[in-house]
Amino acid sequence: MLIENQRTVTCAPTNTAVAEVASRVLGVIEESSGGGAATKCFFGDVVLFGNEDRMAVDRKLENIFLDTRVRRLRQCLMPITGWTKSLSSMIALQEDSMVPYERYDEAIQGCVLDLVSEEIKLRNVTVVCSLRTMDDKKVKEMQKDLLEVQKKAREVEREKMSFETYFQSNYKKLAKDLRTCVETFVDDLPRSATSEENFCCMAEVLLLLDAFGVLVQSEPVEQLQALFKRHSDVRFRLREAISSCLRKLWLLSSNFKLPEMYDSRTIDLEFLLQNAKIVLCTASSSYRLLYMQKAQPLEVPVVDEAAQLKECESLIPLQLPGVRHAVLIDDEYLLPALVKSKLNSC
């Protein structure tokens, strides 16, 4: 069904049975990962949802389990700390790091000046207080405050980062954040969420960021500063490396658009379940799929252990909009669904 691009809901009577089916589906996908483009399947196109405790979701099933997938994607889709922010910050850092560093330097100098002013004020008050009063305790407290301000001013000056340290620390953090997002998108995004070119571009960006990070560490600080001051004597490989990075980053910024989502319900119901090709759940919990108004229809329900289902449960996935065919699987020699009725026993 994945290869034929058919949206499918796969059900079973119990959470345990669904988990077993999901494990086998994962095995098939892992086997296909080494095949050609025509047979390759992706974890992001498969979603499993249900009771996490009853399914005994292990590390393997977490790859496709809805709740854990939502938690991973939510960090990347947040507008303030997610992919969009990290991408734009990396572009700004690579285009001109001198401007933000100058702002950082001004902020440090401003902090030091404020502390010096506070030190002068405390020193004057301490002197006046020591002359006017014989309260040694109060004078000692003010002297202690003065020493704290002096210590803080020295720490601020000592911890001030050089341009090289400032650039590399910010670069490493942003590169790490982008890597986390890309790895999450590759594993958790449905393939229909964006183009295959964007997935390829993300993989290339990670390689370019790693290569540029290694190159920067081996270059003298003068070369790094000259790069952002647009000096002509910058080494070719350094200029070419940052140009290649920026081209790919701008390409993703223009072409890879994701919705900004805050709440988990929007991510799971309006994004993941609407775009997944295969949804695995119990037959009774498939009612959640009835509320996906904008999604392409789930064309084929596949029901495992179908003979053990009550008729009312079987009808739930069969009523999904767009269903044209159904596959019911079971062994006729297994026990059927058991319904206890006091009325019948009488």
Check Ser244 against Leu208 and note the closest heavy-atom contact, atom names and distance.
O-CD1, 3.7 Å
Looking at Arg191 and Asp45, is there a salt bridge between them, counting it only when a charged N and a carboxylate O are closer than 4.0 Å?
no
Heavy-atom side-chain proximity of Arg69 to Phe49 below 4.5 angstrom:
no
State, with a plain yes or no, whether a side-chain heavy atom of Leu272 is found less than 4.5 Å away from one of Pro190.
yes
Grouping I, L, V, M, F, W and Y whenever their side-chain heavy atoms are under 4.5 Å apart, do Leu318 and Leu298 come out in a common cluster?
no
Scan Asn63, Thr180, Asp188, Asp187 and name whichever one has a side-chain hydrogen bond (donor to acceptor under 3.5 Å, both in side chains) with Arg72.
Asp188
Expected output: side-chain Thr68 to main-chain Glu62 donor-acceptor under 3.5 Å:
yes
So do the side chains of Val70 and Asp67 get within less than 4.5 Å of each other, counting heavy atoms only?
no
Look at Glu20 together with Arg24 and state whether they make a salt bridge at an N to O cut-off of under 4.0 Å.
yes
Path from Leu290 to Leu273 over hydrophobic side-chain contacts below 4.5 Å:
yes
Side chain Asn15, main chain Met55, donor-acceptor under 3.5 Å:
no
d(Ile29 CD1, Ile64 CD1) to nearest 0.5 Å is 6.5 Å
In terms of side-chain geometry, is the basic nitrogen of Arg247 or Glu240 positioned less than 4.0 Å from the acidic oxygen of its partner?
yes
Evaluate the criterion side chain to side chain contact (heavy atoms under 4.5 Å, CB included) for residue pair Ser195 and Asn255; output intermediate values, then yes/no.
CA-CA 9 Å; Ser195 66; Asn255 298 332; over 6 Å; no
Is any side-chain heavy atom of Leu251 less than 4.5 Å from a side-chain heavy atom of Phe256?
no
Establish whether Val112 and Leu147 are linked, either directly or via other cluster members, by ILVMFWY side-chain heavy-atom contacts under 4.5 Å.
no
Can you name the salt bridge (Lys or Arg N to Asp or Glu O under 4.0 Å) partners of Asp210, sequence neighbours left out?
Arg179
Might you point out which heavy atoms bring Ala283 and Pro317 nearest each other, and give the distance in Å?
O-CD, 3.8 Å
Looking only at non-hydrogen atoms, find the nearest pair between Asp330 and Ala307 and report the distance.
OD2-N, 2.7 Å
Minimal heavy-atom distance between Ala175 and Met90, with the atoms involved, is N-CE, 3.5 Å
Closest heavy-atom pair, Pro100 versus Tyr166, reported as atoms and distance to 0.1 Å, is CB-OH, 3.5 Å
Would you give the length of the straight line joining atom CZ of Arg7 to atom CD of Gln274, rounded to the nearest 0.5 angstrom?
8.0 Å
Crowded around Glu4 CD? As in, over 12 foreign heavy atoms under 6.0 Å?
no
Heavy-atom closest contact (Val18 atom, Cys281 atom, distance):
CG2-O, 3.3 Å
Please check if Val205 and Leu207 belong to a single hydrophobic cluster, counting links between Ile, Leu, Val, Met, Phe, Trp and Tyr side chain heavy atoms closer than 4.5 Å.
no
So, are Lys173 and Asp177 salt-bridged, with charged N and O less than 4.0 Å apart?
yes
With clusters defined by side-chain heavy atoms of hydrophobic residues (ILVMFWY) lying less than 4.5 Å apart, directly or transitively, does Phe42 cluster with Val28?
no
Do Tyr104 and Lys160 come within less than 4.5 Å of each other through their side chains, counting heavy atoms only?
yes
Please round to the nearest 0.5 Å and tell me the distance separating atom CD1 of Ile278 and atom CG of Leu2.
3.5 Å
Return the CD1 to CG distance between Ile108 and Asp105, rounded to the nearest 0.5 Å.
8.0 Å
Supply the atom-to-atom distance Thr184 OG1 to Trp83 CH2, rounded to the nearest 0.5 angstrom.
10.5 Å
Using a 4.5 Å cut-off on heavy atoms from C-beta on, say whether the side chain of Val323 contacts that of Pro297.
no
Quick one: does any side-chain atom of Thr16 pair with a main-chain N or O of Thr14 as donor and acceptor, under 3.5 Å?
no
Contact between Lys60 and Leu26 at the side-chain level, heavy atoms closer than 4.5 Å - yes or no?
yes
Holding to ring-ring contact (aromatic ring centres under 6.0 Å, His included), I want the full list of residues that pass it with Phe163, two or more places apart in sequence or in another chain.
Tyr101
I want to check something: taking the side chain as every heavy atom from C-beta on, are Leu189 and Phe271 in contact at a cut-off of under 4.5 Å?
yes
Using the test salt bridge (Lys or Arg N to Asp or Glu O under 4.0 Å), find all partners of Glu52 that sit at least two apart in sequence or belong to another chain.
none
Output for pair (Leu209 CG, Tyr171 OH), nearest 0.5 Å, gives 4.0 Å
